[in-house]
Amino acid sequence: MKTLVVVAHPDIENSMINKAWLTELRKYPDLYTIHELYKVYPDWQFDVEKEQQLIEQHEKIVLQFPVFWFSSPPLLKKWLDDVLTYGWAYGSSSGYKMKDRKVALAVTAGISAKGYSQEGKYKYSLDEILRPFEITVDYVRAKYGSFHAFYGKENTPDAEVEPLNHHDIERSASEYRAFIANLN
């Protein structure tokens, strides 16, 4: 069964890594359903029933996004709020439609992995920062498949990371596809 990749990037055309990840996944249309929220819902008005049906058609779901203010872009948060409704995703005997589905994250982070550590700039690991997503997945009785991260260059002059090259981007896309393939 195909994996649903819910993409929440407000400027995908100018993204290096998220765009490369999608290019890689699109090589395998029989394996992945790419669902770009900002393109499908430019007005931010979700067709909740359609979104729920899309989830029900997939055993694996990956939420792909850049880390924004130590969370997701706002449209993904709204998607979670609107689509994971009472009676469908949780809270009643007929709910829990996501039960036992594997849900994972694929994120791009602004600085090096060291920056996401007790000694680093942000003082917390990415695992700690993304914990609310893990709790959400657990709450709807799905199975959390962890996350795949690309640590990259922040748009500041004092960034700790070398500039990206074509090889880094290709390797990241290949690693991302392998991460999804290994979700069990």
Side-chain angles (χ1 to χ4, degrees), residues 1-10 12 15 17-42 44-68 70-92 94-109 126-150 172-184:
M1 183 175 265
K2 292 171 100 172
T3 298
L4 174 62
V5 181
V6 178
V7 182
H9 196 300
I12 195 73
S15 167
I17 300 301
N18 279 275
K19 188 175 177 180
W21 286 356
L22 294 183
T23 299
E24 178 67 17
L25 297 183
R26 284 190 172 110
K27 294 176 184 175
Y28 307 92
D30 52 329
L31 297 177
Y32 307 106
T33 301
I34 309 287
H35 187 51
E36 294 184 70
L37 295 180
Y38 280 90
K39 287 185 178 178
V40 176
Y41 296 107
W44 291 43
Q45 300 304 307
F46 297 113
D47 180 337
V48 173
E49 186 176 316
K50 180 180 173 184
E51 293 300 302
Q52 291 171 343
Q53 288 173 354
L54 189 59
I55 290 169
E56 290 176 16
Q57 294 167 3
H58 296 82
E59 291 177 7
K60 297 181 196 176
I61 296 120
V62 175
L63 305 177
Q64 177 183 322
F65 59 93
V67 175
F68 271 36
F70 313 103
S71 186
S72 66
L75 189 58
L76 180 57
K77 174 62 170 109
K78 184 177 184 333
W79 183 84
L80 292 167
D81 292 345
D82 291 1
V83 174
L84 304 186
T85 58
Y86 177 85
W88 183 82
Y90 68 96
S92 75
S94 63
Y96 299 104
K97 301 290 188 198
M98 292 184 66
K99 185 178 181 185
D100 296 329
R101 293 179 198 293
K102 183 66 100 178
V103 180
L105 309 176
V107 300
T108 51
L126 202 50
D127 188 54
E128 292 170 300
I129 290 168
L130 297 173
R131 184 96 5 104
F133 293 95
E134 181 179 355
I135 295 166
T136 299
V137 169
D138 185 56
Y139 191 76
V140 300
R141 298 185 183 167
K143 296 177 181 175
Y144 185 62
S146 193
F147 65 91
H148 174 76
F150 181 88
S172 173
S174 178
E175 290 169 354
Y176 176 39
R177 189 171 53 82
F179 168 78
I180 295 173
N182 290 318
L183 287 175
N184 295 319

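The residues of the chain are indexed from 1 along the displayed sequence. Computed from a prediction, not measured in an experiment: that's the story for all the values here.
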Exercise. Of the non-hydrogen atoms in Ala104 and Gly145, which two are nearest, and what is the gap between them?
Worked result: CB-O, 3.9 Å
Exercise. Taking only residues two or more places apart in sequence or in another chain, which ones pass side chain to side chain donor-acceptor pair (under 3.5 Å) with Thr108?
Worked result: Asn18
Seminar exercise, completed: Contacts of Asp100 meeting side chain to side chain donor-acceptor pair (under 3.5 Å) (sequence neighbours excluded), chain-then-number -> none
For this session: Report, as yes or no, whether the 6.0 Å neighbourhood of atom NZ on Lys99 holds more than 12 heavy atoms from other residues, nucleotides or ligands.
Result: no
For this session: Could I get the full list of salt bridge (Lys or Arg N to Asp or Glu O under 4.0 Å) partners for Lys102, not counting sequence neighbours?
Result: none
Exercise. Partners of Asp82 by salt bridge (Lys or Arg N to Asp or Glu O under 4.0 Å), sequence neighbours excluded?
Worked result: Lys78
Residues 128-135, side-chain donor-acceptor partners within the protein, below 3.5 Å, at least two apart:
| residue | atom | partner | partner atom | Å |
| --- | --- | --- | --- | --- |
| Glu128 | OE1 | Ser125 | N | 2.8 |
| Glu128 | OE1 | Ser125 | OG | 3.2 |
| Arg131 | NH2 | Asp127 | OD2 | 2.8 |

Problem set entry | Atom pair NE2/CD1 of His35 and Ile55 - distance to nearest 0.5 Å | 8.5 Å
Problem set entry | Rounded distance (nearest 0.5 Å) linking atom OG1 of Thr3 with atom CD1 of Ile34 | 9.5 Å
For this session: Applying side-chain contact (heavy atoms from CB on, under 4.5 Å), run through Thr136 and Val103 and close with a yes or a no.
Result: CA-CA 10 Å; Thr136 299; Val103 180; over 6 Å; no
Problem set entry | Verdict with supporting geometry, Val40 and Phe46, side-chain contact (heavy atoms from CB on, under 4.5 Å) | CA-CA 9 Å; Val40 176; Phe46 297 113; over 6 Å; no
Exercise. CG of Leu22 to CD1 of Ile17: how many Å apart, nearest 0.5 Å?
Worked result: 11.5 Å
Exercise. With sequence neighbours left out, which residue pairs that include part of residues 139-150 fulfil the side chain to side chain donor-acceptor pair (under 3.5 Å) condition?
Worked result: none
Expected list for residues 25-33: side-chain donor-acceptor pairs under 3.5 angstrom, two or more places apart:
| residue | atom | partner | partner atom | Å |
| --- | --- | --- | --- | --- |
| Arg26 | NH2 | Glu36 | OE2 | 2.5 |
| Lys27 | NZ | Glu24 | OE1 | 3.1 |
| Thr33 | OG1 | His58 | NE2 | 2.8 |

Problem set entry | For the student: nearest non-hydrogen atoms of Phe65 and Ser71, plus distance | CE1-O, 3.8 Å
Problem set entry | Shortest non-hydrogen contact from Ala173 toward Trp21 | CA-CD1, 3.6 Å
Which atom pairs, donor and acceptor, lie under 3.5 Å between side-chain atoms of residues 84-91 and protein residues at least two apart or in another chain?
| residue | atom | partner | partner atom | Å |
| --- | --- | --- | --- | --- |
| Thr85 | OG1 | Gln52 | NE2 | 3.0 |
| Tyr86 | OH | Gly91 | O | 2.7 |
| Trp88 | NE1 | Glu56 | OE2 | 2.6 |

Exercise. In Å, rounded to the nearest 0.5 Å, how long is the span from CD of Gln57 to NZ of Lys2?
Worked result: 9.5 Å
Problem set entry | Gap separating the CZ atom of Arg101 from the OH atom of Tyr96, nearest 0.5 angstrom | 15.0 Å
Exercise. Who are the side-chain contact (heavy atoms from CB on, under 4.5 Å) partners of Gln45, not counting sequence neighbours?
Worked result: Asp43
Problem set entry | Counterpart residues, side chain to side chain donor-acceptor pair (under 3.5 Å), relative to Tyr41 (two or more places apart) | Glu51
Exercise. Given the rule in the side-chain contact (heavy atoms from CB on, under 4.5 Å) test, do Leu76 and Phe68 qualify, once you have shown the distances and angles that lead to the verdict?
Worked result: CA-CA 11 Å; Leu76 180 57; Phe68 271 36; over 6 Å; no
Exercise. For the residue pair Pro66 and Ala8, what are the closest heavy atoms and their distance?
Worked result: CD-O, 3.4 Å
For this session: Please identify each residue that fulfils ring-ring contact (aromatic ring centres under 6.0 Å, His included) with Phe147, with sequence neighbours left out.
Result: none
For this session: Kindly indicate, with the supporting measurements, whether the criterion side-chain contact (heavy atoms from CB on, under 4.5 Å) is fulfilled by Trp79 and Val6.
Result: CA-CA 10 Å; Trp79 183 84; Val6 178; 4.1 Å; yes
Problem set entry | Counterpart residues, side chain to side chain donor-acceptor pair (under 3.5 Å), relative to Lys60 (two or more places apart) | none
Exercise. Atom CG of Leu37 and atom NE2 of His9: how far apart are they, to the nearest 0.5 Å?
Worked result: 13.0 Å
